[in-house]
Amino acid sequence: MGGQDKGLIPLSGRPLVAWALDALQRQSLPLNHILISANRHLPDYARFGHPVLHDIYDGYPGPLAGIHTALLASPAEFLLVMPCDVPFLPHDFAERLYRGLSEAKTPAAVAQSENGRVHPTLCLLRRCVLLTLMEQVGCNSPRPIDDWMAALTPAYVEFNDTAFANLNTPEQFAACEQELDQQLPLATVARNEPARMMNVGAHPETRRLARAEGHLQMRPDTLALIGNGSHSRGDVLGIARIAAIMAAKKTADLIPLSHPVPLTHVAVEFELDPIAHRVRCEASVETVGRTGVAMEALNAVNGALLTLYDLCKQLDRDMQLNGIRLLEQRCIETG
């Protein structure tokens, strides 16, 4: 890029680092804090509201030096690493790396494309790698990051080939801007067009199903109270399950252009995750009719998690709802 500080190069009017920060803040697995590694224009990066770290070693020794400084600065057990020139991460990037690392019981997890390409700067690291890293960055000829990563015997977590669009040249920047500009009309819908409900009268009546999920992140002690049934408000999961069913039935009252749908079945399940400190809710909704029940499933999950939040908010004000999404929507053949 002609010697420019890549993180500050504008992409569709915003510095590249701003796109990267957005990608981190949209992760389904919430991050405790974000650190920016930079060796030039530190005041410019500081304006984004996160601590800015300068390499301890001179001479720009590469990404290992930035990782080394971040591990020294952060008290966290895990460090998620991404370069600013891969600004569009999958929303479940951190979650999938964490799952891969935990299941394999390794000190690191690294992203890998379906075509076999490994991305060593897109990784999740345990704090224990700091010792080997200090040996590398402190020596006269440190190994490249891909060699160092391979020596950790990491878990390789596979992502789609197009998941990590890398911006390294002016041509790649221009192509990415063109693609982003094509998406802008979605934000400029004519304001005077009258609202109207979709006409589903011609759709056949079929059995329809939808599943959705979401998570409520909380402190470990709050999760323990829910898990062992010692919460002062009683069976909070049971209360949240009732709230989910009621929310599914009231969807048309809350979503302006949603059709009233007679529900034939609503099932709500909870899963407590002591590693990630969160409650996962999954709702399955069914009907026999002319339109689907995706909104009902999503509304059920939202209602359940909001109810859990309300019941636990006096104990834990830092809880976060995240990852609410549709898992499945289909018509069921009845033969």
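Values below: every heavy atom of this structure, side chains too, minus hydrogens, waters and symmetry copies.
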ILVMFWY cluster, Trp19 and Phe48 together (side-chain gap under 4.5 Å): no
Phe270 vs Ile226 side-chain heavy atoms within contact, under 4.5 Å: no
Arg208 and Glu296 ion-paired at < 4.0 Å: no
Exam field: side chain Gln27 to backbone Ala94, donor-acceptor pair closer than 3.5 Å: yes
side-chain contact (heavy atoms from CB on, under 4.5 Å) between His50 and Leu35, worked out: CA-CA 6 Å; His50 301 285; Leu35 305 172; over 6 Å; no
Parallel, tilted or perpendicular, as decided by the 30° and 60° cut-offs, for the rings of Phe159 and Phe93: tilted
4.5 Å side-chain heavy-atom contact, Leu130 and His68: yes
Donor-acceptor side-chain pairing of Ser113 and His119 below 3.5 angstrom: yes
Student check: side-chain heavy atoms of Tyr45 and Leu53 closer than 4.5 Å: no
4.5 Å side-chain heavy-atom contact, Leu311 and Thr307: yes
Contact check, side chains of Leu97 and Leu122, non-hydrogen atoms, under 4.5 Å: no
ILVMFWY cluster, Leu11 and Val86 together (side-chain gap under 4.5 Å): no
Within-4.5 Å side-chain heavy-atom neighbours: Phe164 and Arg117: no
Within one Ile-Leu-Val-Met-Phe-Trp-Tyr cluster: Val157 and Ile67, side-chain cutoff 4.5 Å: no
Val293 reachable from Val288 in the ILVMFWY side-chain graph, under 4.5 Å edges: no
Trace of the side-chain contact (heavy atoms from CB on, under 4.5 Å) decision for Leu237 with Asp235: CA-CA 6 Å; Leu237 294 181; Asp235 180 12; 4.0 Å; yes
Cluster check Ile275, Leu223: I/L/V/M/F/W/Y, side chain < 4.5 angstrom: no
Would you list the atom pairs, donor with acceptor, under 3.5 Å between side chains in residues 209-219 and any protein atom, with sequence neighbours excluded?
from: Arg211; atom 1: NE; to: Glu328; atom 2: OE1; distance (Å): 2.7
from: Arg211; atom 1: NH1; to: Glu282; atom 2: OE2; distance (Å): 2.7
from: Glu213; atom 1: OE1; to: Arg280; atom 2: NE; distance (Å): 2.7
from: Glu213; atom 1: OE1; to: Arg280; atom 2: NH2; distance (Å): 3.0
from: Glu213; atom 1: OE2; to: Arg325; atom 2: NE; distance (Å): 2.7
from: Glu213; atom 1: OE2; to: Arg325; atom 2: NH2; distance (Å): 2.8
from: Gln217; atom 1: NE2; to: Ala276; atom 2: O; distance (Å): 2.4
from: Arg219; atom 1: NE; to: Asp221; atom 2: OD1; distance (Å): 3.1
from: Arg219; atom 1: NH1; to: Leu315; atom 2: O; distance (Å): 3.3
from: Arg219; atom 1: NH2; to: Asp221; atom 2: OD2; distance (Å): 3.3
from: Arg219; atom 1: NH2; to: Leu315; atom 2: O; distance (Å): 2.8

Sole residue of Ile34, Leu89, Leu31 in side-chain contact (heavy atoms from CB on, under 4.5 Å) with Leu80: Leu31
Leu263 side chain near Val285 side chain, heavy-atom distance below 4.5 Å: yes
Lys250, NZ atom: more than 12 neighbouring heavy atoms under 6.0 Å: no
With Gln112 via side chain to side chain donor-acceptor pair (under 3.5 Å) - residues at least two apart: none
Any Leu167 side-chain heavy atom under 4.5 Å of Pro87 side chain: yes
